[in-house]
Protein chains: 2
Amino acid sequence: MSRKHRSSTAALRRPRAPVFAALGDEVRLSLIAKLCAGQPYSISQLTEGSRLTRQAITKHLRVLESVGIVHSVHRGRESLFEFDPKPVEETRKYLDLVSEQWDQALSRLKSFVED
Amino acid sequence: MSRKHRSSTAALRRPRAPVFAALGDEVRLSLIAKLCAGQPYSISQLTEGSRLTRQAITKHLRVLESVGIVHSVHRGRESLFEFDPKPVEETRKYLDLVSEQWDQALSRLKSFVED
DNA sequence: TTAATATGCAACCCGGAGGTTGCCTAAATG
DNA sequence: CATTTAGGCAACCTCCGGGTTGCATATTAA
């Protein structure tokens with residue numbers, strides 16, 4: 001087994017549910033959509049245009065922060081949030097493995113039928 | 001914009017949170033792990049080896065079914081659950097777009113700095 | 001210094017998610 | 001037919017997620 005493949009299965013074993021759970025909310029997905037465009041935003045800026053309270057947005061940001069999807073830096077009186085690509089990337093690889101397993105299962109089934 | 005890219009952004013707009021939420025549970029991820037190996041399983045079989053009740057497992061399966069990750073076929077007195085790769089695949093593409101947006105933002109920043 | 005702005009913290013509310021138990025029905029098995 | 005096995009349905013419980021309001025604090029602006 002190659003090193004690359006081994007690290008993939010290690011990533012498979014690590015608990016993924018929290019990241020998925022953090023992604024499982026439309027408000028948080030729209031926050032990610034804004035932040036992954038590159039520019040950091042303050043809480044007030046992220047609250048603008050939303051029907052939710054600043055505190056609600058803050059809670060969502062903390063959820064994203066708790067799984068590493070965003071991180072915050074404090075500048076003056078405001079805290080700026082910035083996207084971090086690593087967790088999303090690892091999650092994408094995880095889904096890759098699921099699809100890959102399924103495809104391999106289909107291949108085995110196909111070659112079995114052909115025999 | 002190519003047709004392919006247009007359909008990608010359409011997939012981006014469709015609500016993704018329910019699928020992520022369905023994936024946001026370790027029990028359901030382990031069910032997926034078993035089912036994406038190719039073979040269909042009955043509820044009793046999926047309950048075996050788990051510390052949870054059959055009804056708890058059933059509820060989790062219904063959650064996965066509600067977002068299309070699995071589907072059930074009835075055979076005799078048992079209902080067999082089988083993995084369906086489409087939602088996972090679309091979710092993977094969604095995460096691709098997020099990563100892609102981030103990478104493009106980095107590229108723009110880099111070329112801006114270089115100017 | 002005073003006022004406005006940005007945020008943090010805590011209490012509270014409500015609904016739903018995850019889990020269990022109990023009972024009931026349908027199918028396979030003897 | 002009697003029994004076992006697979007599953008559906010419903011009630012119930014507990015806890016937490018999402019949201020709000022109210023107030024306190026720190027920084028910036030006038």
Side-chain angles (χ1 to χ4, degrees), chain A residues 15-35 39-84 87-88 91, chain B residues 15-35 39-84 87-88 91:
Chain A
R16 292 284 157 193
V19 184
F20 281 121
L23 294 170
D25 183 288
E26 298 289 352
V27 175
R28 289 195 287 270
L29 286 184
S30 67
L31 289 173
I32 292 175
K34 284 184 193 169
L35 291 173
Q39 196 180 353
Y41 287 92
S42 73
I43 296 177
S44 296
Q45 289 171 333
L46 290 171
T47 304
E48 260 175 47
S50 164
R51 281 177 242 90
L52 297 184
T53 325
R54 170 181 58 86
Q55 285 82 351
I57 298 295
T58 301
K59 282 192 180 182
H60 284 296
L61 288 170
R62 299 302 173 199
V63 172
L64 292 175
E65 194 176 29
S66 72
V67 297
I69 294 180
V70 305
H71 62 267
S72 61
V73 306
H74 296 265
R75 197 183 59 182
R77 64 180 158 184
E78 59 189 358
S79 71
L80 298 177
F81 281 81
E82 193 172 29
F83 180 72
D84 190 321
V88 164
T91 302
Chain B
R16 292 284 157 194
V19 184
F20 281 121
L23 294 170
D25 184 286
E26 298 289 353
V27 175
R28 290 195 286 271
L29 287 184
S30 67
L31 288 174
I32 291 175
K34 284 184 191 169
L35 290 173
Q39 196 180 353
Y41 287 92
S42 74
I43 296 178
S44 296
Q45 288 172 335
L46 291 170
T47 304
E48 261 176 46
S50 165
R51 281 177 243 90
L52 298 184
T53 328
R54 171 180 57 87
Q55 286 81 351
I57 299 294
T58 300
K59 283 191 180 181
H60 283 296
L61 288 170
R62 298 303 172 199
V63 172
L64 292 175
E65 195 177 28
S66 71
V67 297
I69 294 180
V70 305
H71 61 266
S72 62
V73 305
H74 295 266
R75 197 184 60 182
R77 65 180 159 183
E78 59 189 358
S79 70
L80 299 177
F81 281 81
E82 193 172 28
F83 179 72
D84 189 321
V88 165
T91 302

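Order of the sequence lines sets the chain letters (A, B, ...), proteins ahead of strands, with each chain counted from 1. This is a predicted model, so every value here is computed, not measured.
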For each nucleotide in nucleotides 22-30 of chain D, reading 5' to 3', give B when a protein heavy atom comes within less than 4.0 Å of its base, S when such contact involves only the sugar-phosphate, and - otherwise. B----BS--
Does OP1 or OP2 of D:dG19 have a side-chain N or O of A:His60 closer than 4.0 Å? yes
With a 4.5 Å limit on heavy-atom distance, are the side chains of A:Ile43 and A:Arg54 in contact? yes
Between C:dG18, D:dG7, C:dT20, which nucleotide has the shortest distance from any of its atoms to the side chain of B:Arg28? C:dG18
Verdict with reasoning, A:Leu29 to B:Arg16, per side-chain contact (heavy atoms from CB on, under 4.5 Å): CA-CA 8 Å; A:Leu29 286 184; B:Arg16 292 284 157 194; 3.9 Å; yes
As a test of reading the structure: which of D:dT20, D:dG19, D:dG8 is closest to the side chain of A:Thr53, going by heavy atoms? D:dT20
To the side chain of A:Ser44, which of D:dA6, C:dG19, C:dA6 is closest? C:dA6
Would you say the side chains of A:Ser72 and A:Glu65 form a donor-acceptor pair under 3.5 Å? yes
Side-chain contact check for A:Val63: nearest option of C:dG19, D:dG18, D:dG8 is D:dG18
C:dT7 C1' sits how many Å from A:Phe81 CZ, rounded? 10 Å
Nucleotide C:dA17, atom P - distance to CD of B:Glu26 in whole Å: 19 Å
Considering only heavy side-chain atoms of A:Ser79, the closest of C:dT7, D:dG8, D:dG19 is C:dT7
What is the distance, to the nearest angstrom, from the CD atom on A:Glu65 to the C1' atom on C:dG8? 13 Å
Any donor-acceptor pair under 3.5 Å between the side chain of A:Lys59 and the base of D:dG19? yes
